[in-house]
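It should be emphasised that the depicted structure is a prediction, and the values quoted were computed from it without experimental measurement. Per chain, numbering begins at 1; letters A, B, ... match sequence-line order.
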Number of protein chains: 2
Amino acid sequence: MSITIKDVARQAGVSIATVSRIVNGQKGYGEKTKERVLKTIEELGYTPNAIARGLVGRETKSIGVLLPKLSGLFASKLLEGMEETARNEGYSLFVCHTDSKEDRAIQDLQVLKEKQVDGIIYASDQLSESQGQMLNSMVCPAVFVSTQSLTHPFPYVKVDDYQAACTGTRYLIEKGHKQIAFIGGSLEDPIAGKPRDEGFRRTMKDHHLKVEESLTAYGDFRFQSGKESFKNILKAEKPFTAVFAVSDEMAAGVLSAAYEQGISVPDDISVLGYDNTMAAEMAIPPLTTMAQPLEEMGQKAVELILSLRENKENINKNEIVKHRLIERKSVLERSKTKGLFL
Amino acid sequence: MSITIKDVARQAGVSIATVSRIVNGQKGYGEKTKERVLKTIEELGYTPNAIARGLVGRETKSIGVLLPKLSGLFASKLLEGMEETARNEGYSLFVCHTDSKEDRAIQDLQVLKEKQVDGIIYASDQLSESQGQMLNSMVCPAVFVSTQSLTHPFPYVKVDDYQAACTGTRYLIEKGHKQIAFIGGSLEDPIAGKPRDEGFRRTMKDHHLKVEESLTAYGDFRFQSGKESFKNILKAEKPFTAVFAVSDEMAAGVLSAAYEQGISVPDDISVLGYDNTMAAEMAIPPLTTMAQPLEEMGQKAVELILSLRENKENINKNEIVKHRLIERKSVLERSKTKGLFL
DNA sequence: CTGTTAGCGCTTTCAT
DNA sequence: ATGAAAGCGCTAACAG
C-alpha cells in the first residue's frame, strides 16, 4: 500500500526507532544518519501516518466542533476563528451540523468520541441533559462557545449577553429613543434568549421607560423570523421610533419587511442589530450593531481546549469577551427620525 | 485509560474476536453470547476506537474539505450539503480554510494525507501545479466542487458557468435591457471568471448588442469588490439599465453602492446576481439571481467520493448540475426602469 | 459458533 | 548513537 516508516528504515539501513526519532525531532542519532534518513524520506516520499500515531496513545490532533447551523454568517465567522487557531497549533477540525436536533448532537458526540478527538467545542446552542452526560463521559475536554450550560459546569467563552443587551438598549435611549420595539430570541433559551430580554427590560426600566408588550416579539435569530416578528409588531400600530433585534439576521429581516411596507430605515425608524456578522455590513442601510467578536471567540475556544489538555487545573476556565457597539447607518437620533404611528 | 474491546471480552468471558464480530454486526455467534456481550458493553460503556479501526486498514470514515473561505454564505451552504450527506453515510468532515493561499492548501493536503482521510473535496478555487501533484500522490480519491482543473483531470461537480452566464444575460435581454453593465470575476480565473465573462459577451453579441467596456469591471466575488466595481462603472457615466454581477455578494455590493448614491434598484436600474445564497434573499430588494444548487452540489460531491472508493471505474465522473434563474425583485423590465445616464 | 494469532504503523522503553 | 521489542485497540484470516 502506502509507504511506511519501515520502508524508510530498510532503505536507509537503520531501525525504525531511529527514523521515528528523527521524524519527531528527538535526539539520539548522528548527524550523518539524520541526513541519510532525511534523504531517503524525501526520495520515498514518506508521510507519517497520523492514525498510527494516534493509536499509540497521546493525541489525534483533531477537535470536534458542534454547530447548530453551518450555513449562516454567525457560525462561519466563529468557525473561521477556530480553524485559524487550530491549524496554527497543528490541529484539524471535525465540523458537525447538529441542526439543533437532540439526536443528531448525540450521534455527533458519539462519533467524535470514537474518533478520539482531543477536544470538543460546543457552539451556540442549549445543552440537553443527555448531551451533558455524554460530554461528561468523554475523556477529552469540552468547552462552550457563545453559549454555556447552567446545569453542566463546562468552561465557556462568550460575551455577557445581559450586559450587551443593556449596552445596546442604553445606546438607543441615549440617542433619544423612548418607544423601542424589541425582537428577542426565545425566552425559553436561558442563554441567548432570556438574558438579552432581561437586559433590554432592565435598561428601559432604569430609564423610566415603559416597554409596550405589543412592541415585543420573539424569533429564532434567523432572517425569516425577524421579518415576521416585525410584521407582527407593525400590526399593533403602537407608536415607536426604534427597534432592537438581537441578531443581525433578524435585523436584516426587519429591514426587509420595512422595505416591503415602504418604511424607511433610518428615516422613519432606527434599527439596531446584534452580532456584527457580514449581514450587518451588507445590509441596506448598513446596520449599527452590538458586536460579538466571533473570530476571537473561536480562537479563544480552541486555546482553552489546548490549555485544558495540559494544565487541567488553575487556568481561568471561563472567558467573558467584550461586546462592542459598532455604529453604522441604521440608527439615527430620535430627533432626526420620524417614527411610526405617532 | 479508556475501556477497550479487551475489557469487554474479559468481562463477558469471550474472546475479543467475538466481541468484534458482534460489534460489527457480522455473524458467527449464538444468540445468548450476543446478548451477554451487548449487556456488558452497555454496562462498561464501551465505545469502539475508530483510530484503531482506521489503522487496521480500510478506512477512517473521514473526508477532508478544502474551502478558500469559510465565512461567507457560499461556502457554508456548500458545506451544509456535504455535512448532511457525509453524516448519513457515516463520515465526518475535516474542514480546512485555505484562504486561497497556496502554502496553506499544501499544508492542508499534507495534514489530510497524514490523517488518512478517505477522500478530499476541493471546493471552489483554482488548483496550482504543486497542489495538483499532491492530490495525485494521495491514495484517496479527490473531487472538485464548484470548480475544476483544466490540467489535472479530477472529477468535478459544478454548473456550466458559461451556460449559466448566457442564461442570465439572455434573461436580462429578454426583459428588454440592451445596455448592460457586467461585474465579473478575474479573467485570470479560467473556471469561474473567464467562462462567465465569455457567456456574457457571447450572448450580447448573439443579440447584436454592444458591450461597452467601461461598463465592465472585475472583482473577487466578494461584497467589497462588488461595491467598488460598481462605483467605477458609475464613473464612466455611460448609459445603462441593468447590471449583471456574477456573485450575490458582489450584487449586494452594487445594491449597497447604489443606495449610497441614491440610485434606486430596481426603479433606476435592474441588478442580477449569481449563486442564490442567503445574501440574495436578504438583500433589499431581494435579488433575482442565477442559482447554483449549492447543497445539492455538496451532496453530489461526497456521493462521488464514496462511489469512487468502491467502483473506481465506470461511473460518470463529472457531474454538471443545472443552474436555474430565481426571480425576485431586483430585475424589472426595461420599459419600467429609468436607467442611468441616458 | 468461537478462540488464537498476526499484524496495521508508530512510539517508547530498555538494552547495547 | 542505535536497535529490539512491546504494545496502542482493533480486524481478519485461520483453526478448531
Asks: Once salt bridge (Lys or Arg N to Asp or Glu O under 4.0 Å) is applied, do any residues pair with B:K34, and if so which ones, sequence neighbours excluded?
Replies: none
Asks: In this structure, how many angstroms lie between the P atom of D:dC10 and the CD1 atom of B:I41, rounded?
Replies: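 My rounded result for the distance is 10 Å.
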Asks: How many Å lie between CD1 on A:I22 and P on C:dC10, as a whole number?
Replies: 14 Å
Asks: Between the axis at one end of the helix from C:dC1-D:dG16 to C:dT16-D:dA1 and the axis at the other (five pairs apiece), what's the angle to 10 degrees?
Replies: 40°
Asks: How close or far is atom P of C:dT12 from atom CD1 of A:I5, stated in whole angstroms?
Replies: 11 Å
Asks: Taking the side chain of B:N24 as its heavy atoms from C-beta onward, which of D:dT11, C:dG9, C:dT11 lies nearest to it?
Replies: D:dT11
Asks: Protein-nucleotides 1-5 of chain D N/O pairs closer than 3.5 Å?
Replies:
residue	atom	partner	partner atom	Å
D:dA1	O3'	A:G30	N	3.4
D:dT2	OP1	A:T33	OG1	3.3
D:dT2	OP2	A:G30	N	2.5
D:dT2	OP2	A:T33	OG1	2.8
D:dG3	OP2	A:S15	N	2.7
D:dG3	OP2	A:S15	OG	3.1
D:dG3	OP2	A:T18	OG1	2.9
D:dG3	O6	A:R21	NH2	2.3

Asks: Heavy atoms from C-beta onward define the side chain here; which of D:dG9, C:dG9, C:dT12 lies closest to that of A:Q26?
Replies: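 Nearest listed nucleotide: C:dT12.
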Asks: Round to the nearest Å and state the distance from B:E35 atom CD to C:dT2 atom P.
Replies: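 Whole-Å distance recorded here is 12 Å.
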Asks: Quick one: which residue pairs count as a side-chain hydrogen bond (donor to acceptor under 3.5 Å, both in side chains) with a foot in residues 67-76 of chain B, not counting sequence neighbours?
Replies: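 For residues 67-76 of chain B: A:E80-B:S71.
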Asks: According to side chain to side chain contact (heavy atoms under 4.5 Å, CB included), who are the partners of A:S20, at least two apart in sequence or on a separate chain?
Replies: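 Side chain to side chain contact (heavy atoms under 4.5 Å, CB included) list for A:S20, sorted by chain: A:I5, A:N24.
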Asks: Name all residues meeting the salt bridge (Lys or Arg N to Asp or Glu O under 4.0 Å) criterion together with B:D125; count only those two or more places apart in sequence or in a different chain, and write none if there are none.
Replies: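 Partners of B:D125 under the salt bridge (Lys or Arg N to Asp or Glu O under 4.0 Å) test: none.
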Asks: Using the ring-ring contact (aromatic ring centres under 6.0 Å, His included) rule, take B:F94 and A:F94 through it: C-alpha gap first, then chi angles, then the decisive distance, then the call.
Replies: CA-CA 5 Å; B:F94 275 124; A:F94 276 123; 3.9 Å; yes
Asks: Taking salt bridge (Lys or Arg N to Asp or Glu O under 4.0 Å) as the definition, give me every residue that meets it alongside A:D108, ordered by chain and number, with sequence neighbours left out.
Replies: B:R87
Asks: Taking the nucleotide of DNA chain C with the nearest heavy atom to each, does B:V56 or A:S20 sit closer to the 5' end?
Replies: B:V56
Asks: Using whole Å, report how far NZ of B:K6 lies from P of C:dG3.
Replies: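 Rounding to the nearest Å, NZ of B:K6 and P of C:dG3 are 16 Å apart.
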Asks: What's B:T4 touching, base or sugar-phosphate or nothing? Going by heavy atoms closer than 4.0 Å.
Replies: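 Answer is sugar-phosphate: B:T4 comes under 4.0 Å of backbone atoms only.
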Asks: Considering just the side-chain nitrogens and oxygens of B:R53, establish if one lies under 4.0 Å of OP1 or OP2 belonging to D:dT11.
Replies: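 So the side chain of B:R53 is within the cut-off, an N or O lying under 4.0 Å from OP1 or OP2 of D:dT11.
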Asks: By side chain to side chain donor-acceptor pair (under 3.5 Å), which residues pair with B:D103, not counting sequence neighbours?
Replies: none
Asks: How close or far is atom P of D:dT11 from atom CD of A:E114, stated in whole angstroms?
Replies: 10 Å
Asks: How would you list, by chain and number, every residue that makes a salt bridge (Lys or Arg N to Asp or Glu O under 4.0 Å) with B:E296, sequence neighbours excluded?
Replies: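 By the salt bridge (Lys or Arg N to Asp or Glu O under 4.0 Å) rule, B:E296 matches B:K300.
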Asks: Provide, to the nearest angstrom, the distance between the CD1 atom belonging to A:I51 and the C1' atom belonging to C:dT11.
Replies: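 To the nearest whole Å, that distance equals 15 Å.
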Asks: Please determine, by modelled atom types, if B:Q131 and B:E102 share a side-chain donor-acceptor pair under 3.5 angstrom.
Replies: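 A donor-acceptor contact under 3.5 Å links the two side chains.
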Asks: Measure CG/B:L55 against P/D:dG7 and give the value in whole Å, please.
Replies: 17 Å
